[in-house]
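Just so it is clear, the values below take in all heavy atoms, side chains as well, and ignore hydrogens, waters and symmetry mates.
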Amino acid sequence: MRETVMEGSHAVAHAVKACRPDVVAAYPITPQTHVVEELAQMVADCELDVEYVNVESEHSAMSACVGAAAAGSRTYTATASQGLALMFEVLFNASGMRLPIVMTNCNRALSAPISIWNDQQDSVSARDAGWIQLYAEDVQEAADQVIQAYRIGEDERVRLPVMVNMDGFVLTHTYEPAFVPEGGDVDSFLPPYEPEIKLDASDPRSFGEVGYPEDYTEFRYQQQLAMDASREVIREVAQAYCQEFDREDYGGLIQRYHSDDADTVLISLGSMVGTMKDAVDGLRNDGESVGLVKLRSLRPFPEEELYDALEGAKRVAVLEKDVSIGLGGAVHGELAGTMFNRDLDASLHGFVTGLGGRDVTVRDVGSIYRRVESGEAESVEWVNVDENRLFEREARGPTP
Amino acid sequence: MLAPGHNACPGCGATLIARYALKATGPDVVVTLPTGCLEVTTSPYPNSSWRVPWIHSLFENSAAVASGVEAALKAQGRDEKVLAMGGDGGTVDIGMQAISGMLERGQDVTYVCYDNEAYMNTGVQRSGSTPLDASTTTSPSGSCSFGNPVKKKDMPAIVAAHGIPYVATANVAYPKDCIGKMEAAVETEGPAYVQVLSPCPPGWSMEDSRMVEVGKLAVQTGLWVNFEKRGDGVVYTKVPERQVRPVEDYLKPQGRFKHLFGGEGGEEELARIQAVADRNLENHDIVR
Ligand SMILES: Cc1ncc(C[n+]2csc(CCOP(=O)(O)OP(=O)(O)O)c2C)c(N)n1
Ligand SMILES: [Mg+2]
């Protein structure tokens with residue numbers, strides 16, 4: 001691997017290249033464009049030997065990946081936001097047929113109002129699609145997770161598609177120092193994809209048949225078993241990767257940061273974790289008992305790991321860039337659900353923040369911590385809502 | 001290569017068309033099929049009628065899945081053919097975008113549309129391929145309706161406008177012509193498209209035993225035109241003059257046109273349909 005300073009999207013493209021995919025099918029959308037443009041340039045310069053299918057939509061991008069993966073090829077695509085939403089039905093189809101497609105999702109808010117800026121509503125809304133969902137904290141992790149994703153998804157115990165999420169602009173368009181693979185760097189870590197069942201005239205098989213009620217449940221259940229099995233594989237692969245390429249310990253499905261002895265534990269996923277680590281450092285310097293848990297994997301949901309990490313906590317706060325309108329942040333809701341039957345003594349609070357590209361600063365994290373620590377925090381809170389920008393304000397009359 | 005024992009209705013045109021297509025491709029082929037009657041009736045898990053590698057993904061993406069298969073075979077240096085099939089709904093309506101993309105990219109795929117002129121799998125709703133005045137469950141005839149108010153979408157012309165090397169129409173009732181065109185399509189390098197009329201006894205409300213006869217009548221009345229277009233040259237299949245029939249002969253055996261006969265205003269509608277047929281026969285100089 002070569003240490004360099006590179007834009008996040010380009011680092012990801014280099015990771016993809018090193019994985020030697022057979023087929024790339026993609027459709028442009030901000031902020032994913034630099035990933036697929038870089039791959040196209042590699043093809044144009046004969047640096048990357050891949051069938052690059054310039055499809056006419058994200059629906060077809062994922063469909064082409066389904067066809068190519070079923071035919072036994074290693075496939076890649078990338079998208080964001082509206083593109084991921086357009087793929088929705090194909091996502092379920094890919095996981096149902098157990099095709100280990102790898103996709104980078106460059107997290108972006110969903111319309112309306114249309115916004116090209118970052119939050120994680122897109123991937124969080126697709127969390128029931130049967131895809132493994134990993135979240136990257138920085139450029140290095142976004143690139144590394146692509147390589148890990150192929151090995152996880154293609155593992156015989158798993159055979160599921162993997163979505164690697166990286167925050168739009170915050171990671172895709174940021175230059176950071178990173179180790180990127182070159183040439184055959186990952187060949188021994190990632191052997192060629194050779195599925196035992198594929199579309200092949202010498203051994204004809206049918207893919208995507210009609211599932212009657214007597215079989216459908218068992219198909220779905222086996223997806224669940226595969227997802228459960230992926231927990232161990234994600235851990236193994238992260239560990240093997242760190243050893244092989246000399247990375248700091250990723251920690252599997254979650255990463256703990258000063259959380260072991262903390263009274264208050266913050267939880268988040270994606271690039272916001274970086275900011276939160278700085279906030280935790282500052283608060284700890286001030287003598288606060290606070291720590292952080294980063295979710296690397298949203299699916300499978302790291303229930304056991306979270307329980308272990310939260311067992312001694314008094315207060316837990318989830319900060320997330322998504323909301324299930326009518327409830328609250330999805331991760332907060334899921335954490336509450338999985339902990340309901342466990343004897344956790346902590347209060348649990350959810351914070352909806354960072355929507356549509358709004359910055360979440362170290363100060364914001366600090367104020368959230370203070371609210372939680374002082375016992376003022378509600379079960380679900382929206383952070384920094386500006387009353388002056390609510391368009392119903394006029395209809396209600398001037399605020400006193 | 002399409003095993004018996006599937007659940008298709010007696011007199012189903014689509015299953016015959018699938019057999020023709022597999023005759024044309026031979027066993028070294030990968031088939032993609034969208035959601036629809038042919039898919040549902042031939043692939044009830046754990047059984048499958050397909051003795052060739054086959055994949056059904058979704059309703060609108062047969063051409064996109066086929067594009068991925070083609071790319072994968074190329075990447076792996078394999079030489080199987082790729083056959084994408086689709087019903088009229090999966091082709092001319094919801095699948096249109098994916099097909100357009102596949103054609104424009106020049107992918108080496110043969111696309112066969114079996115055109116039964118409605119969404120049969122979901123209970124005979126109209127599609128863009130439903131002809132003028134056909135009664136369907138979403139374009140029913142009624143006291144103030146003669147059924148489908150607009151004429152059939154000219155998908156072959158839309159496909160041809162992509163400038164692909166091979167476009168043809170065919171009819172299940174003329175197997176030799178149909179298989180010949182499918183063979184030509186498969187031999188074509190790059191995208192090829194064949195749209196085949198596929199009478200559907202339950203969907204068209206007619207007797208099973210009349211499927212082939214009605215298919216022929218579509219051609220003999222001029223309501224279905226068979227042609228073959230390679231590059232810029234179009235060849236229309238001629239209809240011998242002694243076989244030419246008035247449109248009533250085609251419409252009468254089909255319950256979907258029953259409302260045109262005997263009721264008020266039916267005559268004018270029949271005249272409109274006859275005008276469509278006349279234009280076809282004249283414009284393409286079909287009668288010999
Ligand atoms: C996105 C989506 N919309 C609607 C459907 C429901 N649907 C399944 S098959 C079908 C009609 C198929 O019609 P056609 O392509 O003409 O094939 P046929 O059944 O007539 O052979 C419809 C509407 C679906 N499966 N997916
Ligand atoms: Mg149909």
Approximate separation, where rounding is to 0.5 Å, of Ser49(B) OG and Glu209(A) CD: 9.0 Å
Per-residue contact mode, Met97(A) against chain B (heavy atom under 4.5 angstrom): side chain
Pick whichever of Asn47(B), Val82(B), Val29(B) has the most heavy-atom pairs under 4.5 Å with chain A. Asn47(B)
Give, as side chain, backbone, both or neither, the part of Val90(A) having an atom under 4.5 angstrom from any heavy atom of chain B. both
Contact origin within Asp22(A) toward chain B - heavy atom pairs under 4.5 Å: both
For Pro27(B), is it the side chain, the backbone, both, or neither that has a heavy atom closer than 4.5 Å to a heavy atom of chain A? backbone
Can you confirm whether the side chains of Glu56(A) and Ser100(B) place a donor and an acceptor under 3.5 Å from each other? no
Checking Ser60(A) against Gln97(B): is there a side-chain donor and acceptor pair closer than 3.5 Å? no
Donor-acceptor check, side chain of Glu80(B) to backbone of Leu199(A), threshold 3.5 angstrom: yes or no? no
Would you mind checking which part of Arg51(B) comes under 4.5 Å of any heavy atom in chain A, side chain (CB onward), backbone (N, CA, C, O), both or neither? backbone
Given a strict heavy-atom distance threshold of 4.5 Å, which part of Tyr52(A) is in contact with chain B: side chain, backbone, both, or neither? neither
Side chain, backbone, both or neither: which part of Val23(A) has a heavy atom under 4.5 Å from chain B? side chain
Structural part of Val52(B) lying under 4.5 Å from a heavy atom of chain A: backbone
Residues of residues 142-156 of chain A within contact distance of chain B, non-hydrogen under 4.5 Å: none
Tell me, for Gln107(B) versus chain A, whether the close heavy atoms (under 4.5 Å) come from the side chain, the backbone, both or neither. side chain
Which region of Ala25(A), side chain (C-beta onward) or backbone (N, CA, C, O), has a non-hydrogen atom less than 4.5 Å from a non-hydrogen atom of chain B, or is it both or neither? neither
Applying a strict 4.5 Å limit to non-hydrogen atoms, the region of Asn93(A) in contact with chain B is side chain
Max heavy-atom pair count under 4.5 Å with chain B, selected residue of Pro204(A), Ala71(A), Ala94(A): Pro204(A)
Within-4.5 Å side-chain heavy-atom neighbours: Ile55(B) and Val66(A): yes
Chain B: which of Gly67(A), Gly72(A), Ser73(A) shares the most heavy-atom pairs with it under 4.5 Å? Gly67(A)
With Glu196(A), which residues qualify under side chain to side chain donor-acceptor pair (under 3.5 Å), at least two apart? Arg159(A)
If one checks every heavy atom of Thr32(B) against chain A at 4.5 Å, the contacting part turns out to be neither
